[in-house]
Chemist: 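Please see the structure below; I have some questions.
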Amino acid sequence: MGHDAFAHHALGNAALMIISALHQHPAQTIAELVGTSSVSRATTYRSLRRLADHGLVQHTGETWALAPRALEGFGIRLPDADNGHTPAQGWANIAEQHGTWGIAAQRKARHTAERAAYQQALDQFAEHRSRAVVIVRDGRQVLVPVPRPDEIPPAWHAPDGRVLDPLTGRPAADWQVATDGRLILITPADQRSYDELAAAHAEALSEWESVA
């Protein structure tokens, strides 16, 4: 299923279902294939035509069967082929003909990057939601300031100051981007403006430095 030859713009996953059905039960009519492959009649016709173009299936009367090496992606030249197509020489050859070679590797790399971005977002969100740490000095509590993990990649910026969730690609309701590109967590318990948040952080940092 993950082979480039069965990508959307190549043979398609329906072709793989039909190949599997013909492998399990050779010599089927189209009506039988609709049931054994769970593919609609129109898609079955279309997929069989694609497979026949590559010499991967052949029909005798109303029944269809796989070519001898169809499971390896090698087709045969059909006696009634008049479309100018040459028999397939392997799955890689089919993918190259349809321009889908390498698409699985690209998809894998994209998913890896998305998972890394999502994990980074989780780490940043966890830092924002961490509980405040205080120490008691001379009878008063002093907030221990933490680094501000509120810089976010430009790719996560959405219109109107919203933040894109890297997993879904949709705006996250709890987050907002300030004009200087920093991330703000919006919660019912804290409705301060960004300037107020920045000022509070600066004040806490100054107090901590004087105590330390």
Side-chain angles (χ1 to χ4, degrees), residues 1-123 153-159 163-172:
M1 176 65 78
H3 200 285
D4 297 333
F6 296 101
H8 175 65
H9 294 292
L11 296 178
N13 59 354
L16 183 61
M17 301 293 290
I18 290 175
I19 289 175
S20 177
L22 288 176
H23 175 60
Q24 295 294 327
H25 305 285
Q28 297 186 60
T29 65
I30 289 181
E32 291 170 336
L33 272 174
V34 170
T36 57
S37 67
S38 299
V39 176
S40 69
R41 178 176 293 270
T43 304
T44 298
Y45 273 108
R46 185 166 55 252
S47 298
L48 284 173
R49 186 163 57 249
R50 290 178 182 175
L51 292 170
D53 287 343
H54 293 285
L56 297 174
V57 295
Q58 53 189 332
H59 67 92
T60 303
E62 295 184 354
T63 61
W64 290 81
L66 294 175
R69 298 183 63 189
L71 296 182
E72 305 170 49
F74 289 89
I76 60 174
R77 184 174 294 278
L78 301 178
D80 58 347
D82 57 357
N83 49 24
H85 286 269
T86 57
Q89 299 299 312
W91 299 123
N93 173 255
I94 295 175
E96 289 175 351
Q97 289 185 35
H98 289 275
T100 58
W101 178 253
I103 195 171
Q106 296 172 10
R107 186 186 307 114
K108 182 178 180 180
R110 184 175 67 252
H111 289 171
T112 299
E114 289 174 347
R115 285 193 295 270
Y118 180 59
Q119 185 59 51
Q120 183 181 7
L122 289 180
D123 294 342
W156 295 0
H157 292 205
V163 179
L164 292 180
D165 186 325
L167 179 64
T168 65
R170 297 180 178 177

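Since the model is a prediction, treat every value here as computed from it, not as a measurement.
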Chemist: With sequence neighbours left out, write down each residue that passes side chain to side chain donor-acceptor pair (under 3.5 Å) with Thr63, or none if nothing qualifies.
Modeler: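 Per chain and number, Thr63 pairs via side chain to side chain donor-acceptor pair (under 3.5 Å) with no residue.
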
Chemist: Side chains of Leu71 and Ile19: closer than 4.5 Å at any heavy-atom pair?
Modeler: yes

Chemist: Between Ser37 and Met17, is there a donor-acceptor pair closer than 3.5 Å when you use the side chain of the first and the backbone of the second?
Modeler: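 Flag not set: sc Ser37 to bb Met17 has no pair under 3.5 Å.
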
Chemist: Can you name the closest pair of heavy atoms from Ile76 and Ala67 and give their distance?
Modeler: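 Nearest heavy atoms, Ile76 then Ala67: CG1-CB, 4.1 Å.
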
Chemist: Mind checking salt bridge (Lys or Arg N to Asp or Glu O under 4.0 Å) for Glu72 and listing every partner two or more places apart, or none if nothing turns up?
Modeler: Arg69

Chemist: What residues form a side chain to side chain contact (heavy atoms under 4.5 Å, CB included) with Gln89, not counting sequence neighbours?
Modeler: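 Scan of Gln89 (side chain to side chain contact (heavy atoms under 4.5 Å, CB included), adjacent residues dropped) gives Phe74, Pro87, Asn93.
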
Chemist: Within the 4.5 Å heavy-atom criterion, are His98 and His54 side-chain neighbours or not?
Modeler: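 Yes, side chains in contact.
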
Chemist: Taking all non-hydrogen atoms of both residues into account, name the closest pair between Trp101 and Ala92 and its distance.
Modeler: CZ3-CB, 3.6 Å

Chemist: Any non-hydrogen side-chain atom of Trp64 less than 4.5 Å from a side-chain atom of Thr44?
Modeler: no

Chemist: Evaluate Ile18 against Val57 for side-chain contact (heavy atoms from CB on, under 4.5 Å), listing each step before the verdict.
Modeler: CA-CA 10 Å; Ile18 290 175; Val57 295; 5.6 Å; no

Chemist: Which atom names give the shortest non-hydrogen contact between Ala14 and Thr43, and what distance separates them?
Modeler: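 In terms of heavy atoms, the two residues are closest at CB-CG2, 3.6 Å.
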
Chemist: Return the minimal non-hydrogen interatomic distance between Leu11 and Ala15, and the atom names on each side.
Modeler: O-CB, 3.5 Å

Chemist: When rounded to the nearest 0.5 angstrom, what is the spacing between CZ in Phe6 and OG1 in Thr100?
Modeler: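 Between Phe6 CZ and Thr100 OG1, I get 10.5 Å after rounding to 0.5 Å.
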
Chemist: In chain order, what residues pass the side chain to side chain contact (heavy atoms under 4.5 Å, CB included) check against Ala31, with sequence neighbours excluded?
Modeler: Thr29, Arg41

Chemist: If you take all heavy atoms of Ala5 and Ala10, which pair is closest and at what distance?
Modeler: O-CB, 3.1 Å

Chemist: Any side chain to side chain donor-acceptor pair (under 3.5 Å) pairs touching residues 15-28, not counting sequence neighbours?
Modeler: Gln28-Thr36

Chemist: Identify, with sequence neighbours excluded, every residue that meets salt bridge (Lys or Arg N to Asp or Glu O under 4.0 Å) alongside Arg46.
Modeler: none

Chemist: So, for Leu56 and Ala88, which heavy atoms are closest and what is the spacing to 0.1 Å?
Modeler: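 Shortest heavy-atom contact: CD2-CB, 4.4 Å.
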
Chemist: Can you name the side chain to side chain contact (heavy atoms under 4.5 Å, CB included) partners of His8, sequence neighbours left out?
Modeler: none

Chemist: Please name all residues satisfying side chain to side chain contact (heavy atoms under 4.5 Å, CB included) with Pro26, sequence neighbours left out, ordered by chain then number.
Modeler: none

